[in-house]
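Notes follow the structure.
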Amino acid sequence: MKRAVLFLGALWAMSVVWSQSAPRAPLPPEYTNKAEYDQLYQAANLLSKSDFDGAMNLLKGIDVPETIRVYASWATIPVDLRDSFRQAANDAVNNWSRALNGNPRLEWTDDEANADVQIVFEEDVAEITAGQFRLMHGKARLTLPPQKGEKRRVRARIATYIPYTEMPQSAKAVAHLVGQAIGTYLGLAESQKDTEIMGPVWNSEELPTAPTAEEVERARNLIQIRRQLIDYATRRVAVYIPKPKITIEPMEHDFGEVAQGDNVKFTFKVRNEGDAPLEITARPSCGCVTPHYDRVIQPKQEGVLEAELRTAGFRGNQIKTIQVTTNDPDQPNLTLRLTANIKTAFEVRPSETLTVALKEDGPTVQEVEIVSNTDEPLEIQQLTCSAPFVKAEAQRIDDKRQKVVITINPDAPPGRNNFVVVARTNSQRMPQLSITVMAEKGIIVTPTNVFFGVITPQTQLPVERIVTLARRDKGFQIRKITADDPAIEVNHESMEDGKQHRLIVRYKGGWPAGVAQHKLTVETDDPKQPTIQITLTANVIAATGGS
Amino acid sequence: MRQLAVWLLPLLGLLGLFTLSGREGIFGSADALPASVEQPLLIAFSCEINGYLTPCGCSKPMVGGIPRRATLLKQLAREYALLKLENGDLTKASGRQDELKAETLIEMLNLMGYDALNLGEYDFKLGLTYLQSLQQRFQGKVLCGNVMDSGGKPLFDAFTLVEKNHDGRRLKVLIVGLISERYADAIRQRNPELQVIPAMSHLDALREQLRTTGELRILLWHGTQQEAEQIAREHPYFDLIIYAHGGDGPLPPKQVGSTRLVFSGNDAKFVGLAYLERETNPKLTVARIEHVRLTEDYKDDADTLQIKLGYLARVDAEGLLMQVARRPTLNGDTFAGSRACRPCHAEDYRIWERSKHAKAMQTLNDEKHDKDPECVVCHVVGLEFEGGFVSMEKTPHLKDVGCESCHGPARKHVQDPLNNKLGKAGEQSCMQCHVPAHSPGFDFQTYWKQIEHGYSLREGKQ
């Protein structure tokens, strides 16, 4: 036992010594381009876990070469603007060149495919973000290996005209945007400072066209960081980075059975096992869950995430989730799960919605059971029905169960009848409960209202819909089908010994624009339903040709 | 009301014409263009729309909706060849309104170019005949291979093979659609003649055919995650299993052998995206899964929104608001309208008059849902009760959320207040309407402060 303790102690001491002696990984600063920041941080993280191959996969080809070759699409610039734009672009490249002092060098190339910075002049540069179409001055996009080939590259699109106007961009703006493209290639993120080349572009003659000394310093620093990481990966040197490490206990909680309307809470314990502050945000999947939590948890400290579930309006098994986003590089997203079986005070068995086929020659009786889910005895004080041909009565089975007998008289009209039986109970939580009954009698038409949809000039004609006329107990005959408009054509098929009839209804085109409403009349041999009317509708966007 | 619909629909038609000439109109969109062979394949999946065509708009911001989904898919179509899959439960199938929603959703799925739709138990609740009429209208493939008729004949296909572009070649994708037998009772309740064959035995019978068909195999599984795991273990040839009933938010993808199990939440709030490995690998694999939350950042797609407006016009034209089943009030009384409370409760009336409750019907007018019974019920007094709101013409005094929405019908109280006292309303009253789906930020203490009243009586200042 003692030996085991000594061994574990030695292991712990070794790990402490290692973490202190391993070189600290150079981490990308905040001014790094977002795509590159993520990739460098991830590479450093892999190095800290001795995953040298994984790190090298992310770092290979990421370094800035000694000579950066720049291409621009001069031919796409309108002739009258070409010279001034070309001069502006030249100025921008020269400004960066001077500032970098040849390390790295910048040179123009006509080889677009192999250029490191590809500048494309377009009449308009548009961006669609989340469904919104937006014109912009220009946009430089950095792609890094291993994505999209094995080359570090920037593709910058520059608008020749000021967005939403017919005025050409100023030469200053062009120089600023070309300078920004090179800055992006060097790994810099956009800046909010008006004085910086990576700052915003606006219609002004005061736009900077050269990088500031600070921006040059940042670009050099990034070159150093890349080379340092590549060096560690090549020499297979494990590094140390301070990072948070999240653990949440447990990841899932089952509230079990909960009475509808109750609010229940559970506290998840969140621990930061790492050596950098842990930042979290929690977003529930449903408005019924409210998370209260510690947003920052210091290293080796524990915080809480309390989740409150409001059950009003829910019933049955529910699964709710909370998405937790963290700055732990190994676990950036976690999902917590809350489950509950929400019970109403009473429930109807087999179901609160019933479909009943009515008898033609006598009353139809349907029984359901109302069961109490609580200790409270069930009492039905009143039963009411929303249709005159229905009666309902309650019969006590025991303290917690009552049988409801629903009787539908034969005078119910043919077709589909929907009605509700409402039981008034003794419960404060659930003073009323409803049983919805869909009663079908005689010939049932599906659907009773045929919608041909939105008819545009591009809609392929004819538009076909199927209408079914069915009767469960016996067959019937269709004697005649009449449409009130010549644009409608109907084919009829009889199936299952006349118990089912399919009408294939075709709209051939020709209705004027607007809402079209027509009727199909079906004559049958059923004395109780000799005539059945079916509505035909369409929303015609523009007049269609017709066949 | 119907006259209004007759006016409204041509207006929608004009709106459509504007849309067609617009930059993002469907006929000029990237979606309508044939996908480039060079584009990589992307699988867009979702399930359990549950009738949520759009967020109701009661509060902002709200997440989800099919018109936003259409916008997302149009954007993605610029870079990817899309395979679009829906995994059942289009609506909750609770009446005529859900039938109209189901028809509307089929129109929307057609517009977005969905490839396959697997059926859920709620879809069967629409009734087999109705379901078959929807199947006829759907331009993709309706799947659900293990539901049989009384003679043991399958009613829907078990699988379909589609060809899609992927990285410079044509790729054959097998899509299988099945439902869990745990929903057999729910299916048979509406369709007693149907049988549900256990999915596992159905898959066993099809094993040889499935494992040798297509280069990428996807199962649309209308069942739970646990069941999907079991299928993945016993039928490891599936690359992706899209399951259902996992809750209202996306769940982290799970790997079982070489099969990825995914779920993207319900109520049309998210779209799941499965990206494929792009390396020229003889064995295609799912590289990563993403769930896109349809926030307000996604603008409604105009063409899809137009279909929704057409649906609202049908709800109006069929007079669904007039057909709401009515039940007697709890205390047997009828409604008097908020103005009847004013003479004695002037102070409270003034507070109410300035509240959002007093403009509730206007909110619905703005959102064009003023004839939609699902919405109107929470914006008027007593829609579901005898003597409650009927229409703006017949019962204007009962429009908006009034005193009786929370305190109950008060005609007897108005006539004889001392002998017919009304109960105090509490949090439970609010929660009849302020449910998470429509009022996600509801907190009783915060909301109560906005309408706090009742002091005039307590202080004897009637």
Side-chain angles (χ1 to χ4, degrees), chain A residues 128-133 261 284-288 290 310 312-314 318-323 333-335 337 339 350-351 353-355 382 384 386 418-420 422 424 431-432 434 436 438 444 446-447 449 451 453-454 456 458 464-468 470 513-515 517 537 539-542, chain B residues 5-6 9-10 12-13 16-17 20 23-24 27 68 71-72 75 94-96 99 103 107 127 129-130 132-133 136-137 185 189-190 245-252 265 269 295 297-299 301 306-307 310 313-314 317-318 323 325-328 330 428 431 435-437 439-443:
Chain A
I128 297 174
T129 313
Q132 306 286 346
F133 185 88
S285 63
C286 169
C288 56
T290 313
R310 289 183 283 124
F314 290 104
Q318 298 291 328
I319 305 170
K320 306 289 165 193
T321 54
I322 301 174
Q323 300 291 333
N333 294 297
L334 297 161
T335 305
R337 232 151 81 123
T339 53
S351 170
T353 51
L354 305 168
T355 306
Q382 191 189 13
T384 48
S386 66
N418 291 351
F419 58 87
V420 186
V422 180
R424 194 170 156 190
Q432 274 190 347
S434 304
T436 306
M438 192 161 80
I444 303 299
T446 310
N449 182 322
F451 185 52
V454 179
T456 69
Q458 279 71 25
E464 197 176 280
R465 296 282 181 265
I466 291 175
V467 178
T468 309
V515 70
Q517 273 206 333
T537 56
N539 180 10
V540 184
I541 294 295
Chain B
V6 169
L9 278 173
L12 298 180
L17 276 179
L20 301 185
R23 206 162 185 169
E24 286 292 293
F27 305 109
R68 290 180 186 171
T71 296
L72 168 72
Q75 282 176 27
S94 54
R96 177 62 184 153
E99 288 180 352
E103 287 181 34
E107 294 260 324
T129 321
Y130 207 87
Q132 284 171 329
S133 78
Q136 185 246 341
R137 293 172 66 168
D185 287 347
Q189 203 184 328
R190 176 76 175 90
H245 295 295
D248 50 10
L251 293 176
K269 290 180 192 163
T295 60
D297 289 342
Y298 290 91
K299 199 175 157 189
D301 171 64
Q306 193 191 337
I307 296 178
R314 290 184 74 196
E318 291 202 14
Q323 294 168 30
R326 290 170 184 275
R327 54 182 196 259
L330 268 176
Q428 287 301 323
M431 291 180 110
V435 292
S439 185
F442 179 74
D443 170 66

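We name chains A, B, ... by the order of the sequence lines, and we start the count at 1 in each one. Predicted, not measured: the structure shown is a model, and the values here were computed from it. No hydrogens, no waters, no symmetry mates; every other heavy atom, side chains included, goes into these values.
- Residues B:Glu318 and A:Asn449 are in side-chain contact: their nearest non-hydrogen atoms beyond the backbone lie under 4.5 Å apart.
- Heavy atoms closer than 4.5 Å to chain A are found in the side chain of B:Glu99, but not in its backbone.
- For chain A, no part of B:Arg68 is nearby; none of its heavy atoms comes within less than 4.5 Å.
- Heavy atoms closer than 4.5 Å to chain B are found nowhere in A:Phe419, neither backbone nor side chain.
- Note: A:Thr446 leads A:Leu334, A:Thr446, A:Ile444, A:Thr436 in heavy-atom pairs under 4.5 Å with chain B.
- Ranked by non-hydrogen atom pairs under 4.5 Å with chain A, the options B:Met431, B:Gln132, B:Arg190, B:Arg96 are led by B:Arg190.
- Residues meeting the salt bridge (Lys or Arg N to Asp or Glu O under 4.0 Å) test with B:Arg137, sequence neighbours left out: B:Glu103, B:Glu107.
- The choice from B:Leu251, B:Val435, B:Ile307 that makes the most heavy-atom pairs within less than 4.5 Å of chain A is B:Leu251.
- How far CG of B:Leu72 is from OH of B:Tyr298: 5.0 Å, rounded to the nearest 0.5 Å.
- Both the backbone and the side chain of A:Thr353 come within contact range of chain B, judged by heavy atoms closer than 4.5 Å.
- Note: A:Thr384 OG1 to B:Arg327 CZ = 9.0 Å, rounded to the nearest 0.5 Å.
- Applying the side chain to side chain donor-acceptor pair (under 3.5 Å) test to A:Asn418 and every residue at least two apart in sequence or in another chain returns nothing.
- Taking B:Ser133, B:Gly265, B:Gly246, B:Ala325 one by one and counting their heavy-atom pairs under 4.5 Å with chain A, the maximum is reached by B:Gly246.
- Highest contact tally toward chain B, considering only A:Met438, A:Gln323, A:Glu464, is held by A:Glu464 [criterion: heavy-atom pairs under 4.5 Å].
- More than 12 heavy atoms of other shown residues, nucleotides or ligands fall within 6.0 angstrom of atom CG in B:Asp443.
- Here the CG atom belonging to B:Asp301 is positioned 4.5 Å from the OG1 atom belonging to B:Thr71, to the nearest 0.5 angstrom.
- Proximity to chain B (any heavy atom under 4.5 Å) is shown, for A:Arg465, by both the backbone and the side chain.
- Taking CZ of A:Arg337 as the reference point, atom OG of A:Ser285 lies at 11.0 Å (rounded to 0.5 Å).
- The parts of A:Val454 that come within reach of chain B are both its backbone and its side chain, each placing non-hydrogen atoms under 4.5 angstrom from that chain.
- With chain B as the partner, the residue from A:Gln318, A:Lys320, A:Gln382 showing the most heavy-atom pairs under 4.5 Å is A:Lys320.
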